[in-house]
> 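Handing you this structure, nothing more for now.
We count residues from 1, following the sequence as given.
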Amino acid sequence: MRTSAVLLLLALPALVRTQTLPGHSKPVAYHLDIYVPDLATTSTFNASVEINVTVTTSTDSFVLHAEGLDIDPSRVSVQYHSRLRGWREESVSDVVHNSSFLDIKLERPGLTGDYIITIGYTGTFQNEMAGFCKVGYHFNRMQKYMAVTNFEPTNARKVFPCYDEPPHRTKFVLDITVNRSLFVLSNVRHTSVHNVTDTTKVFRFDGYPELPIHSVAWVVLDHNTFQLQTSNVGATLVHTRAPYPYSNHTAWANRVTASLLSALNDYTGQVYSHATLEQVVIPEFFVGSSEGWGLISYSEEAILVTPERSSAWYMQQIALGLASGLAHQWFGDSVSMDSWDNTWLTTGLTEHLKYVVTGSLEDMKDWELAEQEVVELIQPALALDVNGHALVDNTQTEAEEVKEACDDITKYKGGAIISMLHYILKDNTFKRGLTAYLPIVQGQTSSPDELWNILYEVAQDSGVDLGLQSMNTIMDEWASTSGHPTLSVSWNTTHFIVSEPSSGGWHIPVTYMLQSSPGEETSAWLHPGSSLVVPASDPQWILLNINQTGFYRVNYERVLWQRLMYQLNSDLTRIPRLSRAQLLDDVFTLAEQGTLPYDMLLEFTSYLRAETDYYPWRTALRHFQTLLDKFYGFSSYELLKQHLVDLLTEVVADVGFTRLPQDSHLVRLKQAFILERACAFNHSTCVQKSVSMIRSWMSSTFFDADLSTTLLCSGIANSPTGVWRTMWQMFHYSVFPSVRSSLLKALTCTHDQLVFNEFLTNITSSSASVVSSKDRTILLRTFASTPFGADKLLDWLLQRLYTQLNQTLPVANNSTHTGPNSSESPTPQQQANMTDVGFNSSVTSTPQPQTQTQENVSSPVSARLLEPISEHSVVRRSTVVSEPIAEEDVLAILGYILPKLTASEQGLKLDTFMELNDTGISSSTLAVMKKTALQVHQQADWASRINENITTWLKNKAASTTVPTSVTTQAPGQPTSSPSGSVITSFNLALSTLALVVTLAIC
């Protein structure tokens, strides 16, 4: 056998173009043998795979997916099964391997029938949580390692050569050799531990029913460092495993998982088929969760909950995430789709059912998840779908299909369309259809047509009106058409006319309500090329898409918008609260698209002064924040914030600043959301309360999880730098995942430019980063999530690049930037006064077990707590500052900040840097910077055109209205007065910090 270095680009040009296997053969079974050495000392693993395949079309080669594997050609063999002579060796003429494919060529064309392909190779543990990943964590201050798989969507090919495509479901046998001190979990049924030696043992997993390749999973872990929570659901054991000290925070999730599993058993009519459901917490896991069939891996923040220390929003997200992972066990694992294009169906079912099933739990019925689905799933889906793609597009390559199958458009739009279908059919018919579908396709691949056919039969039996269309006709158009309809509504003396003016072929389920019969909902179908006529007497309004159950927008002619506006201002309760949210969602989007003028948008939203319901405000404030972001640096920015403070007056008074034990889940959500936004807009009372809250929190053993999470950012932004230092120490010493998550994001809220710059420099250091790579990503994304942060992040990035070139950052001329001011560069006196903010402390970003003594916990901090805290208490580390910033960090930061850069000055800064003769960075990175600058200029041009219109309206409105006071952001480093007039001094701040560290140790 000879080997070849010829690229597959030359050997298989068609495959490179389409990224799809040729289809001459299909896998029947895999036997994977993996040797996992000492995880602490190596980055590779040795392995071999034996694949039983069936050849359906005669071929002279076997083409498999194989990415990033070191294939040993001498360990590649092929056997053919002859009915007369049994198994015989086939001669292999060549082995061709490039970055994506492995092509095993035979000396002669093979016959159809059964083959065994054996391949020996070496693999690499992945760092990006894709494939077979090695993860480090601390236990009793010792470094430990574990390894976990994540094969979704196409990462199995990074672990073993395979047919890494949706149509294939196969049997698996796993032999995983590990150090004797380690333990292996897998969703392939465990059968034995054998070949035990002094140093190693082999875990054998065998005999499981056929699995889609993305569902195969295993975890290698140190059993002694993990603790187990267990629940029972019928014959199924629910195991939740977490390394200490995280194991103290798994009880709630384990209980909720058991309840959700029971609810899914009931809803689907199919009892979970596994004896055990394993849930494993993976430290530093980037992906949130990886759903193997029977084995689900979670990141810490995706499953760990301490109810008394967790906000309502945090707990809700955990519950919905658990429900999503469990729904995937039925839709994605038990039944999988036959192509990448069709995976939108299982994704959509999973996204929708997580709201349905979680909302059915007895202790979560007051969460109003059916209503929340509108503002958290359907509205974001419509926003993403403006420039989106079709869910099904047969013209794309596999790479494009995979990318789109896993993006947010597919996730949200798929869920929204399934939600609309659920509404059309009503709950009983929808459930009957699913319970009829699952037994037929269980353990197999399926297609949407199979589900549509069954749902159509059930709908016909139930008398559901489908507008004389088949389910396939209705659903195929929604899946295969990009974008969504916008209905046009006009008044013609005696009747309303509803039409869809685009050339789309959607069959649209329309619901409407008339002013003469509020609360009375009427349904009808609007078919392609037709109009809907609704008789009515004038003058009155009509309201379409009641409660936003349809995946479409509605644009009324101006007189009808005005009638709806009048109704909202006179008696808003006559329009349902979700429909008020829907009207706001539509009017904001139509204004952004240029269909409606912005002065009409501002006039329409003025009714919000009397609005106190959660859902309209959830919608309005999300859109207002987007609008504010676009006008950062323009004259309308501060005026719009002041206008929002005015609109928020009533609802801020309604939610208040205290929490009552009897407050419902939704009351807690509403209070936290409203106050967080009010503080962000510098509502004076809110800012004062946030500063007071931080002082109280630092001297107390208890805090309210909802309010602290909400007000933390504002409190840090408006307090002395020493408060930031305290929060930094709290982050390191807290063992509560929800608290750590809140603190991590709040650290980015500082307006102290020195802290901002030094913190960024230290977290991006490749040699001495003070946070983990996962936390660094979270911090950079959070910094970039506001216009202020993105602006300062751009300045910091350019300063670093100029420093690397030994050049001075130019001062931009002709600036029109009018955003919030920030600190200037430090004066010599300020530099002399700089002290350590704690970056060099001997803490790690992984919380340590609570078995350590109080002295050990506080010792890294207590020695510095009573030191004077300067106005700019930051660390100066010249070795880190001089370290070149990695180009991958440059690209990542540019990607993060681009959506928030809107001022022409920002584009000019990028232009000036790129005009240098030698920037010191690659041409590909420069190309990204050029594209970024172009988009910033385009965004600034758009904002400049709209700014005058908004500014004029707001000034005229302000002249006729007495507006509540907002506050200017506290100047960095200045003492902050409490409501009682006292000032947080360095001394009592230090005492508070000491008390807090002791408290965290005890907790």
Side-chain angles (χ1 to χ4, degrees), residues 8 19 21 25-37 39 42-54 61-79 92 95-104 115-134 147-178 184-188 202-206 208 210-220 290 292-293 295 297 402:
L8 205 58
Q19 296 287 300
L21 299 182
S25 60
K26 61 181 181 180
V28 177
Y30 293 89
H31 186 165
L32 186 58
D33 193 337
I34 292 185
Y35 177 75
V36 180
L39 288 172
T42 185
S43 59
T44 61
F45 58 90
N46 295 318
S48 65
V49 63
E50 189 178 90
I51 313 173
N52 290 68
V53 303
T54 296
S61 69
F62 292 95
V63 182
L64 308 174
H65 290 110
E67 185 176 324
L69 303 176
D70 184 7
I71 306 294
D72 183 352
S74 67
R75 295 171 63 196
V76 176
S77 64
V78 178
Q79 292 178 292
V92 176
V95 177
V96 182
H97 183 217
N98 81 335
S99 60
S100 301
F101 295 98
L102 173 66
D103 183 17
I104 303 171
Y115 289 76
I116 295 177
I117 305 170
T118 303
I119 305 165
Y121 63 96
T122 300
T124 302
F125 289 112
Q126 304 293 312
N127 294 322
E128 67 272 21
M129 299 299 170
F132 196 14
C133 321
K134 185 171 75 170
V148 58
T149 58
N150 175 31
F151 289 168
E152 290 186 300
T154 57
N155 292 318
R157 64 188 70 179
K158 297 179 181 179
V159 183
F160 58 100
C162 57
Y163 295 76
D164 199 3
E165 295 179 332
H168 307 298
R169 296 180 70 101
T170 53
K171 292 184 178 180
F172 283 83
V173 176
L174 305 178
D175 282 311
I176 302 178
T177 304
V178 297
V184 183
L185 294 169
S186 178
N187 59 348
V188 179
V202 180
F203 285 80
R204 161 65 65 91
F205 302 91
D206 188 6
Y208 207 79
E210 294 180 347
L211 290 165
I213 197 165
H214 70 262
S215 292
V216 179
W218 65 83
V219 178
V220 180
S290 177
W293 193 10
L295 172 57
S297 300
V402 172

> Measure the shortest side-chain to side-chain distance between L21 and F101 over non-hydrogen atoms and say whether it is less than 4.5 angstrom.
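A side-chain contact under 4.5 Å exists here.
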> Could you tell me if the side chain of V76 sits less than 4.5 Å from the side chain of Y121, heavy atoms only?
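When only atoms from C-beta onward are counted, V76 and Y121 do not touch, as no gap falls below 4.5 Å.
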> Would you say D164's side chain and R157's backbone share a donor-acceptor pair under 3.5 angstrom?
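Checking the backbone N and O of R157 against the side chain of D164, a donor-acceptor pair under 3.5 Å is found.
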> Where the side chain of D33 meets the backbone of S48, is there a donor-acceptor pair that is under 3.5 Å apart?
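Pair absent, no side-chain N/O of D33 close to backbone of S48.
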> Where do C162 and Y30 come nearest, in terms of heavy atoms and distance?
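Here C162 and Y30 meet closest at CB-OH, 3.5 Å.
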> Are side-chain N/O atoms of D206 and H31 paired as donor and acceptor at under 3.5 Å?
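Note: D206 and H31 side chains miss the donor-acceptor criterion.
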> Please walk me through it: do I34 and V159 pass side-chain contact (heavy atoms from CB on, under 4.5 Å)?
CA-CA 10 Å; I34 292 185; V159 183; 4.3 Å; yes
> So, taking the atom named CG in N46 and the one named CG in D70, what distance separates them when rounded to the nearest 0.5 Å?
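Spacing of CG (N46) from CG (D70) equals 9.5 Å.
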> Testing the basics here: between P27 and T170, what is the closest heavy-atom pair and its distance to 0.1 Å?
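Of all heavy-atom pairs spanning P27 and T170, the closest is O-CG2, 3.2 Å.
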> Carefully, step by step, assess I51 and F62 under the rule side-chain contact (heavy atoms from CB on, under 4.5 Å).
CA-CA 11 Å; I51 313 173; F62 292 95; over 6 Å; no
> What's the spacing between S215 OG and R169 CZ if we round to 0.5 Å?
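Spacing of OG (S215) from CZ (R169) equals 7.0 Å.
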> Applying side-chain contact (heavy atoms from CB on, under 4.5 Å) to L102 and I104, what does each step give before you reach the verdict?
CA-CA 6 Å; L102 173 66; I104 303 171; 4.1 Å; yes
> In chain order, what residues pass the side-chain hydrogen bond (donor to acceptor under 3.5 Å, both in side chains) check against S186, with sequence neighbours excluded?
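S186 satisfies side-chain hydrogen bond (donor to acceptor under 3.5 Å, both in side chains) with no other residue.
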> Might you point out which heavy atoms bring V188 and F172 nearest each other, and give the distance in Å?
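Nearest pair, atom of V188 first, then F172: CG1-O, 3.5 Å.
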> Provide the closest heavy-atom pair for T124 versus Q126 in the form atom of the first, atom of the second, distance.
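Closest heavy-atom pair between T124 and Q126: O-NE2, 3.1 Å.
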> Rounded to the nearest 0.5 Å, what separation is found between the OH atom of Y115 and the CG atom of N52?
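That separation rounds to 13.5 Å.
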> Quick check, are the ring centers of Y163 and H65 under 6.0 angstrom apart?
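For Y163 and H65, the ring centres are not under 6.0 Å apart.
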> Less than 4.5 Å apart, any side-chain heavy atom of S297 and any of N150?
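When only atoms from C-beta onward are counted, N150 and S297 do not touch, as no gap falls below 4.5 Å.
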> Roughly how far apart are L32 CG and E50 CD, rounded to 0.5 Å?
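The CD atom of E50 is 11.0 Å from CG of L32, to the nearest 0.5 Å.
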> Minimum heavy-atom separation for V402 and P153, please, with both atom names.
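For V402 and P153, the tightest heavy-atom pair comes out as CG1-CG, 3.7 Å.
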> Carefully, step by step, assess V220 and F203 under the rule side-chain contact (heavy atoms from CB on, under 4.5 Å).
CA-CA 10 Å; V220 180; F203 285 80; over 6 Å; no
> Report the relative orientation of the aromatic rings in F151 and W218; use parallel for angles under 30°, tilted for 30 to 60°, perpendicular for over 60°.
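Ring orientation of F151 relative to W218: perpendicular.
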> For the backbone of I71 and the side chain of H97, can you confirm whether one donor and one acceptor N or O come within less than 3.5 Å of each other?
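Pair absent, no side-chain N/O of H97 close to backbone of I71.
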> Pick out which of F160, F132, Y35 makes a ring-ring contact (aromatic ring centres under 6.0 Å, His included) with F45.
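Testing F45 for a ring-ring contact (aromatic ring centres under 6.0 Å, His included) against F160, F132, Y35 leaves exactly one candidate, F132.
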> To the nearest 0.5 Å, what is the distance between OG1 on T149 and NE2 on H214?
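Going from OG1 on T149 over to NE2 on H214, the span is 12.0 Å.
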> With no hydrogens and no angle check, just 3.5 Å: does a side-chain donor-acceptor pair link S100 and N98?
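Their side chains do not contain a donor-acceptor pair, so the 3.5 Å distance test is not met.
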> Any donor and acceptor pair, going by atom type alone, linking the side chain of K158 with main-chain N or O of A130 inside 3.5 Å?
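Absent.
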> What's the spacing between T154 OG1 and E165 CD if we round to 0.5 Å?
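The distance works out to 10.5 Å.
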> List the atom of P161, the atom of L64, and the distance in Å for their closest heavy-atom pair.
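Reported closest heavy-atom pair: CB-CD1, 4.1 Å.
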